[in-house]
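Below: the structure, in structure tokens.
Counting convention: from 1, in listed order, for ligands and their atoms alike.
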Amino acid sequence: MSESSARRSFRSAVVPAAGLGTRFLPTTKTVPKELLPVVDTPGIELVAEEAAQAGAERLLIVTSPGKDAVAAHFAPQPALEEMLKERGKDALLAKVRRAPDLLEVATVTQHEPKGLGHAVGCVADVLDDDEEAVAVLLPDDLVLPTGVLTRMAQVRDQHGGTVLCAFDIPGPEISAYGVFDVADTADADVKRVHGMVEKPPADEAPSTYAAAGRYLLDRAIFDALGRITPGAGGELQLTDAVALLIEEGHPVHVVVHRGGRHDLGNPGGYVRAFVDFALQHPDYGDDLRSWLAARLEG
Ligand code: G1P
């Protein structure tokens, strides 16, 4: 599969970033959680980079009133850039330019917190007529190594319809996720989805395969989103719209991702991600590793 055919699968990547970030209070009184740094780079920039690598040309950030700083991170800062240029700070200038140079960014406002399904539905009107599919990346989820979206686009080229990313989560934590009812295909890492349920009790989960924050949604999802009613937590759930598409015979597959994952959505997961990225960082990795080793012995 060439990169260009994966590219044709979608042009826009939706990043829902309208949440209040209550798990990160008090910081999120003024700082959107999507801008919290993983070492020195906001989580949302890492996610935007992944989307661009997979061929997205446009990032649609679904935001809420008061979170303008998220989109501002992707805007050029001419005065700062000029100053860095004059001072010969080329490495810093490259860092500052990275986000604005990745892809085109537009924002869509979600005025009320009515759930992930509602947030995704907010972009329906800004898609171009010829956009048959749209990618969704949840900025809380870092899926590593990157590349799963490209694989998902290949699966859509082969099977059509909607393709999601699944992680194998054996154990009670499965109840924190959307869970798939699946059947095998000829490819061990691609499963056909026969049903999907949001946050089931662990003993009622239809499998150990959970939705992990990467979606390649056929445009039909927007019609389904318009027909669902509030589900788990009283919210309009993306899971319920996918389940409705399945019921109506629309093909849905998952790519089982065997790599790693970080959940930036809570302080515990965020700390792990920060340490993991810092350990791999050329400037900070060695020092952190020896400090941690000594700290853990002490
Ligand atoms: C959302 C989705 C859920 C998915 C999860 C992945 O839940 O509703 O289906 O498994 O993201 O992180 P949230 O974590 O926002 O409650």
Side-chain angles (χ1 to χ4, degrees), residues 13-24 28 32-34 36 43-44 46-47 50 61-64 110 112-122 134-144 146 148-149 152 162-182 191 193 195-202 204-217 221 224-225 228-246 252-257 259-270 272-273:
V14 180
V15 178
L20 295 172
T22 48
R23 283 179 289 185
F24 276 100
T28 44
K33 74 170 173 183
E34 295 79 8
L36 296 179
I44 195 165
L46 299 175
V47 168
E50 178 189 341
I61 302 175
V62 182
T63 185
S64 53
Q110 184 189 25
E112 289 168 88
K114 291 188 185 169
L116 179 59
H118 180 259
V120 171
C122 289
V134 69
V136 174
L137 297 92
L138 304 189
D140 281 354
D141 290 313
L142 294 183
V143 179
L144 302 164
T146 55
V148 74
L149 265 178
M152 289 159 64
T162 286
V163 184
L164 289 78
C165 173
F167 266 72
D168 194 4
I169 303 194
E173 311 88 72
I174 191 84
S175 63
Y177 297 92
V179 184
F180 304 108
D181 183 5
V182 294
K191 315 251 178 230
V193 183
M196 187 176 181
V197 47
E198 182 69 13
K199 300 191 174 72
E204 288 170 26
S207 75
T208 58
Y209 293 112
R214 298 293 179 271
Y215 307 77
L216 182 53
L217 301 168
I221 197 73
L225 284 168
I228 55 168
T229 51
E235 297 189 333
L236 292 169
Q237 295 290 351
L238 184 55
T239 292
D240 293 343
V242 173
L244 185 56
L245 288 180
I246 297 167
V252 177
H253 291 80
V254 289
V255 169
V256 181
H257 185 71
R261 171 175 179 266
H262 284 301
D263 179 2
L264 299 179
N266 67 81
Y270 172 78
R272 280 192 196 189

Where do K33 and D140 land on the side-chain contact (heavy atoms from CB on, under 4.5 Å) test, with the steps shown first? CA-CA 9 Å; K33 74 170 173 183; D140 281 354; 3.1 Å; yes
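Near R261, the atoms of ligand 1 lying under 4.0 angstrom from a non-hydrogen atom of the residue are 12 (O). Atoms of ligand 1 found under 4.0 Å from any heavy atom of T239, numbered from 1 in the order shown, are 9 (O). Each of the following atoms of ligand 1 lies closer than 4.0 Å to a heavy atom of D141: 6 (C), 12 (O). Heavy-atom contacts of Q237 reach the following atoms of ligand 1: 8 (O) (cutoff under 4.0 Å).
Of all protein heavy atoms, the one lying nearest to atom 4 (C) of ligand 1 is A211 O, 3.5 Å. E198 OE2, 2.7 Å is the protein heavy atom nearest to atom 8 (O) of ligand 1. In this structure, atom 13 (P) of ligand 1 lies nearest to the protein heavy atom K199 NZ, 3.6 Å. Protein heavy atom nearest atom 1 (C) of ligand 1, with residue, atom name and distance: L138 CD1, 4.0 Å.
Counting all heavy atoms, side chain and backbone alike, G117 lies closest to L225 at O-CD2, 3.5 Å. The two residues A210 and F180 make their nearest non-hydrogen contact at C-CE1, 3.6 Å. Taking every heavy atom of both residues into account, H257 and C165 meet most closely at CB-SG, 3.8 Å. When all heavy atoms of L236 and T229 are compared, the pair lying nearest together is CD2-C, 3.6 Å. When all heavy atoms are compared, the tightest approach of T28 to G21 is OG1-O, 2.8 Å.
Polar contact with ligand 1: present for G178 (N/O pair, distance under 3.5 Å).
Checking atom 11 (O) of ligand 1 against the protein gives a heavy-atom contact under 4.0 Å. There is a protein heavy atom less than 4.0 angstrom from atom 16 (O) of ligand 1.
For H118, the ring-ring contact (aromatic ring centres under 6.0 Å, His included) test picks out no residue, with sequence neighbours left out. The side-chain hydrogen bond (donor to acceptor under 3.5 Å, both in side chains) test applied to S175 returns no partner, not counting sequence neighbours.
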